Amino acid sequence: MELPDANLHLIENSSALFNSASFNFVRDEFSKRDMNLRPLSELNQLPKDISEAESLLSFYIESGLGKEGKVLVIPASIFNELESILLEAKKRDQNSIRRISC
């Protein structure tokens, strides 16, 4: 899948690429193209347990995501179940959910 407008790309910290000598070259190439390559561990990850994820997502939405916002990593296995919460938050406040990308 190509995402030509994507400017944030994630890499798993335990991946072979991340732990290789080639990673610095790859990171620099992303940077030259004004693309952000970040380790997955730097982001807020919702748990795979749906009740915990709903609670944490609701907390982030209700408390405000801050001026800079937050990047939340949502496991694919529960994304559909959280979709209604995300859509409701987006309807209430356009700034609370800026972009949803898969």
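Because only heavy atoms are used, hydrogens play no part in the values below, and waters and symmetry mates are left out as well, while side chains stay in. Given the structure is predicted, the values throughout are model-derived calculations rather than measurements.
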How long is the span from the CZ atom in Arg38 to the CG atom in Leu8, to the nearest 0.5 Å?
6.0 Å
Is it true that a side-chain atom of Ser31 and a backbone atom of Asp28 form a donor plus acceptor pair closer than 3.5 Å?
no
So CD1 of Ile50 and OG of Ser55: to nearest 0.5 Å the spacing works out to 11.0 Å
Can you tell me how far the CG atom of Leu57 sits from the CD atom of Glu81, to the nearest 0.5 Å?
12.5 Å
What is the minimum heavy-atom distance between Pro75 and Pro47, and which atoms define it?
CG-O, 4.1 Å
Grab the two heavy atoms, one from Lys48 and one from Ile78, that are nearest each other, plus how far apart they are.
O-CG2, 3.3 Å
Roughly how far apart are Leu17 CG and Leu37 CG, rounded to 0.5 Å?
8.0 Å
Heavy atoms of Asn13 and Phe18 approach each other most closely as O-CD2, 3.1 Å
What one should report as the nearest heavy-atom pair of Asn19 and Ser14 is ND2-C, 3.6 Å
At what distance, to the nearest 0.5 angstrom, does CG of Leu56 lie from CD1 of Ile61?
10.0 Å
Distance (rounded to the nearest 0.5 Å) between Phe25 CZ and Glu29 CD
4.0 Å
Donor-acceptor under 3.5 Å (Ser58 side chain, Glu54 main chain):
yes
